[in-house]
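Let me begin by presenting the structure, written as structure tokens, before commenting on it.
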Amino acid sequence: MARLGAVAVIFLAAAVVAAEGILDPTDFLALQAVRRSLYDMPGSAFFDGWDFTADPCGFPGVYCDGNRVSALALGDPRAGSPGLTGRLDPALGRMTALTELSLVPGRVEGELPGSLASCSNLRFLAVSKNLISGTIPDGIAALSNLRTLDVSFNQISGSIPPSIASLPAITNLILCHNQLTGGIPSFPDSSPLLRMDLKHNALSGGVPSLPGSLQYLSLAGNRLTGQVDSVLPRLTRLNFLDLSMNQLDGPIPPSVFALQLSVLQLQRNFFSSLVQPASDVTIPVVDLSYNRFWGPLSPLLAGIGQLYLNNNRFTGDVPSRLVQELVGNGGLQLLYLQHNFLTGIEISPSSSLPSGVSLCLMYNCMVPPVYAPCPIKAGTQNTRPADQCPEWRG
């Protein structure tokens, strides 16, 4: 009998150890629901490792903290691997210890579950490049720990919930390439937001107040209107700015050209002002094309690598400093000036442009003194009609 009692104690101890490794029943059932709602696309074998007779904490993409699921990375993360199809089950919201939820690019459709609002510890939510539709759930604004929200490249419609701007920890808001409408919420200056990418939606209205912490701002390809001269000067930490393909107007503050930007893209708007930076501009790429900028060209633009000023209303002669940088193998490698009202450029007709340098002077109030290949969109007319050039008569 004593021996049998000892064996019973051993079995009991083993059962206790096993119990400590058992996943929380709610998370276990939620994972089963997730598995039933998602499927591998042809060529994917992500779910081959989800065998519910084993410990789910060992499944591919499942990470546990104790007996709770703390992170869920759905799909094979290797570049080029096929993704998943199906839908995101509302049972995801029952895994209340989740801190991270990600979904690889695939063909997952349906709505983003509103039940995710129950995951109060969620810090990272990324489901880009799928077929998710519907609206952004209002409950997302209850996720006070959320730092990254990335639902880009989906089919999400409706407006951006204004309460998202009040998320106290949000640093990355990536909603680009969707079908969002309405306005952009105004963010308090206390927001820690670093990256806002809303390009290629159908957003309208003006550019609102944004926090000074912002480093990356892309609002391209929307229907935004109004002026930005009161918004941009406050964004002194920007290193990327793209407001292209909107209906924005008014002036561009000179302080924008002093920012440490990698790219400045303002093309295809209705901006109208002199372009007068206060000091040498050293931004690698500046695109101001297809606007209504006017007046003389500033020699302080000579430090730019690629400069697109075409399809505006610039007048006068091209500054010699721009020519020197272009011809003398300086930093300026591309200078597009076509479709303006420029009247001259100091460059020898016998000059040959260095290899890799691009210059276009077509359709100005002068005969281009040198031949340089232009983009097809520049057309075939070398010079504007004389009646459009009151200061030049050919």
Side-chain angles (χ1 to χ4, degrees), residues 220 241-242 244-245 252 256-257 261-277 280-394:
L241 177 59
D242 186 356
S244 61
M245 295 180 286
I252 294 298
V256 169
F257 296 99
L261 297 171
S262 60
V263 172
L264 173 60
Q265 293 184 302
L266 304 177
Q267 69 268 27
R268 296 185 183 275
N269 279 283
F270 301 133
F271 289 123
S272 176
S273 67
L274 290 166
V275 177
Q276 293 183 320
D280 285 342
V281 183
T282 57
I283 303 170
V285 179
V286 174
D287 193 340
L288 308 182
S289 63
Y290 292 93
N291 277 288
R292 298 172 181 176
F293 292 114
W294 53 276
L297 298 180
S298 171
L300 298 176
L301 300 174
I304 295 169
Q306 298 178 26
L307 180 57
Y308 300 84
L309 301 176
N310 53 287
N311 296 82
N312 278 287
R313 300 173 181 179
F314 291 112
T315 56
D317 290 351
V318 179
S320 59
R321 189 176 168 194
L322 287 175
V323 179
Q324 291 166 6
E325 284 290 319
L326 192 70
V327 176
N329 279 314
L332 186 58
Q333 296 294 304
L334 182 147
L335 180 59
Y336 278 1
L337 300 172
Q338 66 269 25
H339 289 259
N340 280 287
F341 296 84
L342 299 167
T343 50
I345 182 171
E346 293 183 15
I347 187 171
S348 170
S350 60
S351 294
S352 59
L353 296 176
S355 176
V357 166
S358 298
L359 171 66
C360 187
L361 297 169
M362 292 179 66
Y363 211 67
N364 278 283
C365 295
M366 61 175 167
V367 177
V370 294
Y371 171 76
C374 286
I376 295 176
K377 289 184 179 179
T380 58
Q381 290 183 271
N382 280 337
T383 306
R384 277 189 181 274
D387 60 0
Q388 296 181 16
C389 303
E391 299 180 6
W392 179 77
R393 289 289 181 266

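Heavy atoms only: backbone and side chains are in, while hydrogens, waters and symmetry mates are out. Fair warning: this is a prediction, and the values are worked out from it, not measured in the lab.
In this structure the side chain of F293 never reaches within 4.5 angstrom of the side chain of S272, judged on heavy atoms. Residues L332 and Q324 fail the side-chain proximity criterion, which asks for heavy atoms closer than 4.5 Å. Here the side chains of Q276 and S298 are not in contact, with every heavy-atom distance at 4.5 Å or above. Between S244 and R268, every side-chain heavy-atom pair lies at or beyond the 4.5 Å cut-off. V263 places none of its side-chain heavy atoms less than 4.5 Å from the side chain of D242. Counting heavy atoms from C-beta outward, L264 and I304 have side chains that stay 4.5 Å or more apart.
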task: Evaluate the side-chain contact (heavy atoms from CB on, under 4.5 Å) criterion for residues L301 and V286: first the C-alpha distance (whole Å), next the side-chain angles of each, then the deciding distance (0.1 Å), finally the verdict.
output: CA-CA 9 Å; L301 300 174; V286 174; 6.0 Å; no
- request: Evaluate the criterion side-chain contact (heavy atoms from CB on, under 4.5 Å) for residue pair V275 and W294; output intermediate values, then yes/no.
  value: CA-CA 8 Å; V275 177; W294 53 276; over 6 Å; no
message: Run the side-chain contact (heavy atoms from CB on, under 4.5 Å) test on L307 and E325 for me, step by step, so that the C-alpha distance in whole Å, both residues' side-chain angles and the decisive distance to 0.1 Å come before the verdict.
response: CA-CA 12 Å; L307 180 57; E325 284 290 319; over 6 Å; no
query: Does the side-chain contact (heavy atoms from CB on, under 4.5 Å) test come out yes or no for Q306 and Y308, once each step is laid out?
result: CA-CA 7 Å; Q306 298 178 26; Y308 300 84; 3.3 Å; yes
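Proximity of a side-chain donor or acceptor of N291 to a complementary backbone N or O of N269 within less than 3.5 Å is detected. Using modelled atom types, one side-chain atom of T383 and one backbone atom of M366 make a donor-acceptor pair closer than 3.5 Å.
Residues passing the side chain to side chain donor-acceptor pair (under 3.5 Å) test with N311, sequence neighbours excluded: none. Looking at residues two or more places apart in sequence or on another chain, you find no side chain to side chain donor-acceptor pair (under 3.5 Å) involving N382.
At most 12 heavy atoms of other shown residues, nucleotides or ligands fall within 6.0 angstrom of atom CD in E346.
Taken to the nearest 0.5 Å, the CG atom of L322 stands 9.5 Å off from the CG atom of L300. For the atom pair CD of Q381 and OH of Y363, the computed distance is 5.0 Å after rounding to the nearest 0.5 Å.
Across every non-hydrogen atom of I345 and P369, the tightest pair is CG2-CG, 3.5 Å. When all heavy atoms are compared, the tightest approach of C374 to L359 is SG-O, 4.3 Å. Scanning all heavy atoms of the two residues, the minimum distance from T315 to L342 falls at O-CD2, 3.6 Å. In terms of heavy-atom proximity, F257 sits nearest to I283 at O-CD1, 4.1 Å. Shortest non-hydrogen contact noted between C389 and R384 is SG-CB, 3.7 Å.
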Counting only pairs under 3.5 Å, give me each side-chain donor-acceptor contact of residues 334-341, with atom names and distances, residues two or more places apart or in other chains.
unit_1, atom_1, unit_2, atom_2, d
H339, NE2, A378, O, 2.9
N340, OD1, N312, N, 3.2
N340, OD1, R313, N, 3.2
N340, OD1, F314, N, 3.1
N340, ND2, L309, O, 3.1
N340, ND2, L337, O, 3.0
N340, ND2, Q338, O, 3.4

